[in-house]
Amino acid sequence: MKKVLFSLLFLTASVFTVQGQSHYCIIDSKYMLDKMTDYKDAQNKLDLLSKAWQDEIDNMMLEVDKLYKGYQAEKPMLSDEMRHKREDEIVAKEKAAKDMQKQRFGYEGDLFKKRQELIKPVQDRLYNAVQKMASSKGFDLVLDKAGGITLFYADPKLDHSDDVLKILGINK
């Protein structure tokens with residue numbers, strides 16, 4: 001991470017040295033998002049949805065726990081066939097709860113999709129506003145200080161990737 005940050009800072013310093021006339025600014029996207037009511041509304045919806053889904057999963061796990069305790073109490077009185085049947089039932093319910101948790105909160109699960117649906121349009125609106133502001137005020141670079149320094153916008157004329165590829169002997 002330090003190497004990436006150092007590389008970014010070195011690249012930024014190099015661009016400023018080469019360009020001399022470059023204009024840049026720093027923004028705080030978290031601060032701006034926190035000021036946007038539609039972002040707050042979307043975040044509240046996500047929080048409520050997340051809590052409801054977590055409560056649903058917690059209830060499923062409580063049921064599994066209840067079944068297991070009942071099974072433990074009755075285990076000595078059960079036949080082998082009944083024991084296996086109850087164990088299978090407990091395992092199946094526990095698996096269902098874990099599957100539900102993965103479906104709701106896992107990678108690209110329901111929460112991720114809902115976040116994309118609710119938050120991404122707000123972030124896109126912010127990005128477009130920053131890009132418009134940068135163009136109108138003549139900024140070549142916009143750095144975001146939220147969560148560390150991140151390059152938020154760069155004027156395409158500052159991108160010298162093709163020059164580096166030429167040096168490496170790689171054609172477009």
Side-chain angles (χ1 to χ4, degrees), residues 1-12 25-134 141-154 156 159 161 170:
M1 183 67 184
K2 286 183 180 182
K3 286 183 180 182
V4 172
L5 185 58
F6 178 73
S7 298
L8 180 63
L9 291 174
F10 179 74
L11 175 66
T12 304
C25 72
I26 296 174
I27 62 166
D28 187 342
S29 61
K30 180 170 176 11
Y31 168 77
M32 291 185 290
L33 286 170
D34 288 343
K35 295 288 185 184
M36 299 173 73
T37 55
D38 45 350
Y39 177 78
K40 288 181 188 176
D41 292 344
Q43 193 61 49
N44 286 338
K45 285 179 186 174
L46 282 175
D47 291 345
L48 289 172
L49 199 54
S50 176
K51 183 174 179 355
W53 287 340
Q54 187 60 51
D55 289 346
E56 178 184 15
I57 292 165
D58 289 346
N59 287 337
M60 291 174 80
M61 290 306 287
L62 283 173
E63 186 179 339
V64 168
D65 191 50
K66 182 180 170 184
L67 285 173
Y68 181 73
K69 286 179 180 173
Y71 167 74
Q72 287 296 93
E74 297 172 0
K75 186 177 177 180
M77 298 177 281
L78 298 174
S79 67
D80 284 345
E81 182 181 326
M82 285 300 292
R83 251 185 275 156
H84 289 296
K85 184 178 177 184
R86 296 277 294 273
E87 288 170 359
D88 291 344
E89 179 185 359
I90 293 168
V91 168
K93 290 212 182 250
E94 185 175 23
K95 183 182 180 324
K98 287 181 180 181
D99 288 345
M100 177 69 74
Q101 185 173 28
K102 185 178 178 183
Q103 176 191 344
R104 297 291 194 205
F105 299 108
Y107 178 69
E108 293 190 9
D110 294 342
L111 185 63
F112 174 82
K113 290 173 186 169
K114 201 65 171 172
R115 179 173 280 120
Q116 288 291 100
E117 176 188 321
L118 296 173
I119 301 285
K120 184 151 176 26
V122 178
Q123 290 173 327
D124 289 347
R125 217 176 81 218
L126 175 64
Y127 173 77
N128 291 335
V130 169
Q131 196 170 13
K132 185 177 179 181
M133 181 274 307
L141 293 173
V142 177
L143 302 172
D144 185 7
K145 69 179 184 176
I149 302 247
T150 305
L151 185 61
F152 200 83
Y153 167 82
D159 186 352
S161 301
I170 300 171

Let's go through Asp65 and Lys69 carefully: what are the C-alpha distance in whole Å and the side-chain angles of both, what is the deciding distance for side-chain contact (heavy atoms from CB on, under 4.5 Å) to 0.1 Å, and is it a yes or a no? CA-CA 6 Å; Asp65 191 50; Lys69 286 179 180 173; 3.3 Å; yes

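The two atoms that bring Leu111 and Trp53 nearest to each other are N-CZ3, 3.6 Å, heavy atoms only. For the pair Gln116 and Pro121, the tightest heavy-atom approach, listed with the atom from each and the gap, is O-CD, 3.6 Å. Pairing each heavy atom of Glu94 with each of Val64, the nearest pair is N-CG2, 3.5 Å. Across all non-hydrogen atoms, the minimal contact from Ala42 to Ile119 is CB-CD1, 3.7 Å. The two atoms that bring Tyr71 and Arg83 nearest to each other are OH-CG, 3.5 Å, heavy atoms only.
For the pair Tyr39/Leu126, no side-chain contact is recorded, criterion being any heavy-atom separation below 4.5 Å from C-beta on. Between Ser29 and Gln123, every side-chain heavy-atom pair lies at or beyond the 4.5 Å cut-off. Put simply, the side chain of Lys45 reaches to within 4.5 Å of the side chain of Leu118, judged on heavy atoms. Arg104 is listed as a side-chain neighbour of Glu56, based on a closest heavy-atom distance under 4.5 Å. In this structure, Arg125 and Met36 have side chains that are in contact, with non-hydrogen atoms separated by less than 4.5 Å. Between Gln131 and Val142 there is no side-chain heavy-atom pair separated by less than 4.5 Å. Side-chain contact between Ile27 and Val130: present, with at least one pair of heavy atoms (C-beta onward) separated by less than 4.5 Å. The closest side-chain heavy-atom distance from Phe105 to Ser50 is below 4.5 Å.
A distance of 12.0 Å separates CZ of Arg86 from OH of Tyr68, quoted to the nearest 0.5 Å. The CG atom of Leu46 lies 11.0 Å from the CG atom of Asp41; values are rounded to the nearest 0.5 Å. Atom CD of Gln103 and atom CD of Glu108 lie 13.5 Å apart (nearest 0.5 Å). Between atom CE of residue Met61 and atom CD of residue Gln54 there is a gap of 10.5 Å, rounded to the nearest 0.5 Å. In this structure, the separation between CD on Gln43 and CG on Leu33 is 9.5 Å, given to the nearest 0.5 Å. Rounded to the nearest 0.5 angstrom, Thr37 OG1 and Asn44 CG are separated by 11.0 Å.
Salt-bridge annotation for Asp55 and Lys51: present, with a side-chain N of the basic residue lying under 4.0 Å from a carboxylate O of the acidic one. Under 4.0 Å is where a charged nitrogen must lie from a carboxylate oxygen, and between Glu63 and Lys93 at least one such pair does. With salt bridges taken as basic N to acidic carboxylate O contacts below 4.0 Å, one links Lys30 and Asp34. Between Lys102 and Asp99 there is no salt bridge, since no side-chain nitrogen of the basic residue lies less than 4.0 Å from a carboxylate oxygen of the acidic one. Between Asp124 and Lys120 there is a salt bridge, with a side-chain nitrogen of the basic residue lying less than 4.0 Å from a carboxylate oxygen of the acidic one.
The local environment of CD in Glu81 is sparse, with at most 12 non-hydrogen atoms from other residues, nucleotides or ligands closer than 6.0 Å.
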